[in-house]
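Residue numbers count from 1 along this sequence. For clarity, every value in this text was computed on a predicted model and none was experimentally measured.
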Amino acid sequence: MSENLLEKLKQYGASDFYPLHMPGHKRRISPFGDPFAIDITEIDGFDDLHHAQGILLEAQRRAARLYGAEESYYLVNGSTCGILAAVSASVARGGRLLLARNSHRSCYHAAFLNDLRVTYVYPPSGKICGSIRPEDMREALRRHPDIQAVLVTSPTYDGVVSDIGAIAAEAHAAGAVLIVDEAHGAHFGMHPYFPERALFCGADIVINSLHKTLPSLTQTALLHVQGNRADREKLRSYLDIYQTSSPSYVLMSGMDACVRLLKEQGGELFGVFVARLERMRDELRRKLRVLRLVDKDALIYDFDRSKVLISTERCGMSGPKLAAILREKYHLEPEMAAADYVTAIMTVADTQEGFDRLTAALLEIDAALADGMKGALPFSGNCADMAGSAAGMRWAEYPANEEVLTIRQAQESPSESVSLADSAGRVSAEYVYLYPPGVPLLVPGERISEELLQRLARERDAGLALRGMADESGRAIRVVMEATEI
């Protein structure tokens with residue numbers, strides 16, 4: 001007999017499993033009880049999100065005031081629909097987009113939908129989680145003067161921030177719109193402990209996922225607009241296209257409740273949150289090695305300290321193994337396990353109990369290691385004055401794949417399935433990515449290299465799942481028929 005999803009969710013919610021993952025409400029901050037009692041449609045007196053003139057217009061204006069935006073729009077299809085709308089409104093069909101290669105797959109989907117030519121900028125040394133350097137943006141904009149928009153993800157899934165102010169200057173000097181996927185940074189600017197929000201650094205369009213790091217329901221997000229570079233009329237028309245025509249009033253009321261909570265109690269909530277983060281770091285740094293992740297001359301420009309990264313590289317344990325121990329022995333569910341580190345997301349909704357349980361678990365795991373490995377569990381610490389270096393975390397590297405076709409050309413060309421192991425030299429018709437974080441290692445239209453295949457084999461051997469291929473086993477991949485390659 002198949003499992004009942006609702007009953008399983010209820011059982012899990014009643015258990016002692018603690019969420020070190022999104023959504024940011026951590027299953028505890030709720031402005032309402034029974035959602036069915038407030039689940040309505042666009043009836044009289046409750047406005048229409050696609051033509052907001054009343055209560056929803058005022059709610060969006062309230063969000064804009066909180067974030068310091070000229071305009072803010074509710075997104076009930078998550079940040080994904082905001083990214084699709086922003087790209088569609090900023091780059092003409094068939095035009096050129098400058099994209100940070102460590103961006104979420106929704107950015108690539110936007111390129112597919114608009115048949116865009118994409119120029120990629122990689123983080124230094126091809127590291128998946130590194131910051132994007134302004135000088136690399138400048139060079140790409142110089143080589144491709146037809147670039148209409150620049151899209152950067154900051155912070156990344158793991159909390160790495162790029163120098164948005166400098167990138168904005170480069171984009172605007174070239175006449176391009178700057179779009180920032182700040183989905184994981186909805187809490188930026190709420191306290192000086194965290195980086196400044198992209199909106200205040202010169203970005204034209206910024207997308208925030210409320211549900212990732214704030215007390216809001218899954219699927220809720222905001223799109224902010226600033227200045228006169230973004231075509232707001234086009235933006236609104238594309239939001240109408242990419243958003244559902246039946247937006248959930250449950251989600252929208254939750255967003256408004258989140259905004260009101262931050263407006264009325266944000267100072268207090270973030271004060272407590274920051275104190276708890278620092279207290280945890282103080283306790284852990286006595287036993288564990290702490291990495292200084294910020295190095296403005298190398299890999300990392302800035303870092304979001306609400307993300308707790310625990311490296312396993314030097315203690316004879318993989319990231320998935322540590323995640324399994326946290327889950328099975330301590331009933332702590334982390335956000336993500338990479339090959340040699342684990343990511344936990346902490347928010348204002350985390351309790352002192354949650355911080356204490358994570359601290360105790362990490363110290364106990366570290367103490368159980370062999371004597372010669374004591375203190376071998378490094379974690380990302382103060383980011384300003386800790387010993388160590390970002391090199392201590394062996395973040396995944398991108399091979400720079402050769403682009404042969406546009407994403408749309410590749411996905412719409414005749415294709416065939418071949419063994420992944422024997423696919424070197426062929427042009428992919430599919431994505432290959434690790435999820436989370438959903439950043440493609442291979443994009444349709446790119447040539448598959450031996451270097452990439454070796455990388456994918458290492459990830460599989462580390463226990464990580466490869467996604468995006470039609471073959472769910474990850475052993476076969478669809479490639480473009482050779483006669484269609486150009």
Side-chain angles (χ1 to χ4, degrees), residues 80 83-88 90-122 126 128 140 143-144 146-151 153 179 181 242 396-435 437-457 459-460 465-486:
T80 292
I83 289 169
L84 297 179
V87 172
S88 298
S90 303
V91 188
R93 187 171 183 81
R96 187 176 296 277
L97 172 71
L98 180 56
L99 179 63
R101 184 52 194 255
N102 57 350
S103 295
H104 186 263
R105 56 180 175 153
S106 59
C107 303
Y108 300 82
H109 293 167
F112 164 78
L113 289 170
N114 295 280
D115 195 17
L116 302 183
R117 292 166 293 153
V118 183
T119 296
Y120 298 111
V121 172
Y122 289 74
I128 184 174
R143 286 187 288 106
H144 300 281
D146 58 339
I147 288 170
Q148 295 173 287
V150 175
L151 175 50
T153 298
I179 304 166
D181 174 3
Y242 292 122
E397 294 184 2
Y398 284 105
N401 305 318
E402 175 194 356
E403 183 183 3
V404 180
L405 302 171
T406 69
I407 297 173
R408 192 178 188 93
Q409 286 172 337
Q411 290 198 281
E412 294 188 345
S413 294
S415 62
E416 61 182 338
S417 180
V418 301
S419 167
L420 181 63
D422 298 326
S423 65
R426 301 297 299 274
V427 175
S428 178
E430 297 184 299
Y431 292 93
V432 179
Y433 55 84
L434 301 175
Y435 199 87
V439 175
L441 301 174
L442 180 67
V443 174
E446 293 180 340
R447 195 176 300 282
I448 302 168
S449 66
E450 287 287 358
E451 180 186 4
L452 175 66
L453 293 178
Q454 293 171 9
R455 161 75 198 285
L456 297 179
E459 299 294 358
R460 182 185 284 116
L466 301 180
R467 303 285 179 85
M469 295 174 282
D471 176 25
E472 294 184 0
S473 73
R475 302 292 175 181
I477 186 170
R478 296 205 68 82
V479 296
V480 176
M481 299 287 284
E482 292 184 359
T484 66
E485 296 179 19
I486 59 174

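Within the 4.5 Å cutoff, the side chain of Arg467 has no heavy atoms near those of the Arg105 side chain. Here the side chains of Ile477 and Glu430 are in contact, with some heavy-atom distance below 4.5 Å. When side chains are defined from C-beta on, Val427 does not count as touching Val479, because their heavy atoms never get closer than 4.5 Å. Residues Leu99 and Val150 form no side-chain contact, since every pair of their non-hydrogen atoms from C-beta on lies 4.5 Å or further apart. Two residues are said to be in side-chain contact when any heavy atoms from C-beta on lie closer than 4.5 Å; Ile448 and Leu442 meet this criterion. Residues Val443 and Ile407 are in side-chain contact: their nearest non-hydrogen atoms beyond the backbone lie under 4.5 Å apart. Contact annotation: the side chain of Val432 approaches that of Met469 to within less than 4.5 Å [non-hydrogen atoms, C-beta and beyond].
Looking at residues two or more places apart in sequence or on another chain, you find a side chain to side chain contact (heavy atoms under 4.5 Å, CB included) between Ala424 and Glu450, Leu453. By the side chain to side chain contact (heavy atoms under 4.5 Å, CB included) test, Glu402 pairs with Val404, Arg447, sequence neighbours left out. The side chain to side chain contact (heavy atoms under 4.5 Å, CB included) test applied to Thr406 returns Asp115, Arg117, Arg408, Gln409, not counting sequence neighbours. With sequence neighbours left out, His109 forms a ring pair (Phe, Tyr, Trp, His ring centres under 6.0 Å) with Tyr431. Every residue meeting the side chain to side chain contact (heavy atoms under 4.5 Å, CB included) condition with Ala85, not counting sequence neighbours, appears here in chain and number order: Leu235, Tyr238, Leu239, Tyr242. Listed by chain and residue number, nothing satisfies the side-chain hydrogen bond (donor to acceptor under 3.5 Å, both in side chains) test with Ser423 (two or more places apart in sequence, or in another chain).
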